[in-house]
Undergrad: 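This structure is in structure tokens; I'll ask about it shortly.
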Protein chains: 2
Amino acid sequence: MADLVYRKILADLKQRIQNDEFPTQKLPDERSLMVEYDVSRSTVKRALNIMANQGIIFKKRGSGTFINPLYQKNQTIFQYEGSNLGVTDSFKSDGKIPSIKLLEFRVIPANEELQTELFLNPGDFVYEIKRLRSFDDQPFMIELGYIPIKVAPGLSVETVEGSIFNFLEGSTGKTVTKSFMTIAAAPSTPEDQELLNLKPVEPVGIMEGIFFLDDGTPFEVSNMRLHYKYLNYNTFVNLDENG
Amino acid sequence: MADLVYRKILADLKQRIQNDEFPTQKLPDERSLMVEYDVSRSTVKRALNIMANQGIIFKKRGSGTFINPLYQKNQTIFQYEGSNLGVTDSFKSDGKIPSIKLLEFRVIPANEELQTELFLNPGDFVYEIKRLRSFDDQPFMIELGYIPIKVAPGLSVETVEGSIFNFLEGSTGKTVTKSFMTIAAAPSTPEDQELLNLKPVEPVGIMEGIFFLDDGTPFEVSNMRLHYKYLNYNTFVNLDENG
DNA sequence: TTGGATAATTGGACCGTATCAATTTATAAA
DNA sequence: TTTATAAATTGATACGGTCCAATTATCCAA
């Protein structure tokens, strides 16, 4: 995986940026990099394009390639990168111990909305999994997930009390690297307040996600209600939509 | 701009997907598309890669390229694409009339945080712009923005009562297509409740963004407090980070 | 010294080729 | 029929080249 040429260049350039090896905030031009790394210009461009899409660098034709000062100076905001999709991993634990309490686990027929979102047929069944996640006994999220039985037939109570993504990867080798997310906010319901230990005026953050297998199969629909202090979503938006 | 080959293919394929011209959910293979459009395979791959990064298609080596069923069936959630960064444009108005009320407009020295985020030096000045945005007299967002005077020296009250991005583009030709966004939620303050017409239990969504010019210059730091019903952020997450 | 034309620099777009790797399909053997 | 093997399919990686467009640097003339 990591022995790809463009990935090595990518990793190396990121490292060199962090090491402040480009004090002028300007990277060498593409033709120099091509000689330096002894690769073709296409490969250089590939690595640079990925960094540009991640907001690490800006490219300006005729002028050069420049480092996003924020990436260097304030990489705390950029640490969204490299995060995992699974909640277990993506909410940085800061040494706190994550735990899962299973609130509900059953099989139900997929309603119309789930049929649309998970691309199921009428009569297909899904697992309904409701879980409460905590860090050090401080609950921070109510997770209501739906998974078609036909894509994960072997789900058990023990599995569901841990990371479903890890189970999936271990049992089938498939990984979940893509999702469609919707982020919103709402006043907390009495149930939210009880489970997440919230005051009535304190809201919840809502993250709804449809997670896909690598081949595009919708794998899970998840509705996550978060203690508002834990909703902190960072993203770099680039409307150029170039590759 | 739109006469680029890969963009034409991109637009055409999107259209054909919407027109349901691929009922098997499978696109022609890259070599066929290359013949069909009479372009090189590199150009085909470029267009397909962009669509894959947008979540429109999934590619599977050895198997083919497949349409994300959600893109076709439920394109409402995908309508984030093609949106503009400027708030005036990006919040879909549904025929409602957007308006801006200027609450505050002054020049202040940049504090330490602003110096970091906008990459300024001690002593540099910024505009502080506080605005209330509405649709049909229904306020939905309090916007507190900071813009360095040296990147937009000509800001006037009239300008600031309209779209700053449009003014910028008109006066300098520079466009804003990149931003770093942080999304959160919080209980509403008394000021929020008054300006946004919220009940005490109703929260606000918070979007903080650093907007960049095309050359990477940080242009604006904006703190947006939204009526919670208007916070609805959609995004496709792809951890493959390929170009 | 300055202004404008000219050249050099630098990233963008596109083409075309070769080889590899994952998957599916076809074929042959048990 | 089932199973193992080989072939065809299909996207991924990487190389190389040509021409163009935006920007910056250079240089000459007024």
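Values reported hereafter were calculated over all heavy atoms of this structure, with side chains retained and with hydrogens, waters and symmetry mates removed. Below, chains carry the letters A, B, ... as their sequence lines are ordered, and counting in each starts from 1.
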Undergrad: Look at all strands and tell whether A:K60 reaches a base, only sugar-phosphate, or nothing, counting heavy atoms closer than 4.0 Å.
TA: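 Contact class for A:K60: sugar-phosphate only.
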
Undergrad: What verdict does the salt bridge (charged side-chain N to carboxylate O under 4.0 Å, His left out) test give for B:D12 and B:R16, after you've listed the backbone C-alpha separation in whole Å, the side-chain angles of each residue and the deciding distance to 0.1 Å?
TA: CA-CA 6 Å; B:D12 187 63; B:R16 291 170 69 183; 3.8 Å; yes

Undergrad: Is any side-chain N of the basic residue among A:E30 and A:K45 closer than 4.0 Å to the acidic one's carboxylate O?
TA: yes

Undergrad: Expressed as a whole number of angstroms, how long is the span from B:D3:CG to D:dC20:P?
TA: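 Result: 14 Å.
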
Undergrad: For the rings on A:F58 and B:F212, is their centre-to-centre separation under 6.0 Å?
TA: yes

Undergrad: Between P on C:dG12 and CG on A:N53, what's the gap in Å once rounded to a whole number?
TA: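 Interatomic distance, CG of A:N53 to P of C:dG12: 11 Å.
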
Undergrad: Between atom CZ in B:R61 and atom C1' in C:dA22, what is the gap in whole Å?
TA: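 That distance rounds to 5 Å.
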
Undergrad: Between P on C:dG12 and CD1 on B:I50, what's the gap in Å once rounded to a whole number?
TA: 13 Å

Undergrad: If only side-chain N and O atoms of A:R46 are considered, is one of them under 4.0 Å from the OP1 or OP2 phosphate oxygen of D:dT13?
TA: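 Answer yes for this pair, as a side-chain N or O of A:R46 is under 4.0 Å from OP1 or OP2.
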
Undergrad: Where each residue is assigned the nucleotide of DNA chain D containing its nearest heavy atom, which of A:S63 and A:R31 is assigned the position nearer the 5′ end?
TA: A:R31

Undergrad: Mind calculating the distance between CE (A:M34) and C1' (C:dG11) to the nearest angstrom?
TA: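 About 13 Å, once rounded to whole Å.
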
Undergrad: Once you round it to whole Å, what is the distance between C1' of D:dG11 and CD1 of B:I57?
TA: 11 Å

Undergrad: Rounded to the nearest 0.5 Å, what's the gap from OG1 on A:T159 to CZ on A:F167? Could you check?
TA: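 Separation between the atoms: 4.5 Å.
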
Undergrad: Is any side-chain N or O of A:T43 closer than 4.0 Å to OP1 or OP2 of D:dC15?
TA: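 For D:dC15, OP1 or OP2 has a side-chain N or O of A:T43 closer than 4.0 Å.
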
Undergrad: Starting from the 5' end of DNA chain D, give me the residue, A:G62 or A:R41, whose nearest nucleotide shows up first.
TA: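 This one resolves to A:R41.
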
Undergrad: In whole angstroms, how far is the C1' atom of C:dA21 from the NZ atom of B:K59?
TA: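 Computing the B:K59:NZ to C:dA21:C1' distance gives 15 Å.
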
Undergrad: Among the nucleotides D:dA14, C:dG11, C:dA13, which one has an atom lying closest to any side-chain atom of B:L4?
TA: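 Output: C:dA13.
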
Undergrad: Which one, C:dC14, D:dT13, C:dT24, comes nearest to the side chain of B:K45?
TA: D:dT13

Undergrad: Between C:dG11, D:dT23, D:dA14, which one does the side chain of A:Y6 approach most closely?
TA: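 Closest nucleotide among those given: D:dA14.
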
Undergrad: Please tell me whether A:F211 and A:F180 form a close aromatic pair, meaning their ring centres lie under 6.0 Å apart.
TA: no

Undergrad: From the list C:dG16, D:dA14, D:dT23, which nucleotide is the closest neighbour of the side chain of B:S40?
TA: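 For B:S40, the side-chain atoms sit closest to C:dG16.
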
Undergrad: Does A:S42 reach a base, just sugar-phosphate, or nothing at all? Heavy atoms under 4.0 Å.
TA: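 Base contact.
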
Undergrad: Rounded to whole angstrom units, what separation is found between the NZ atom of A:K8 and the C1' atom of D:dA14?
TA: 12 Å

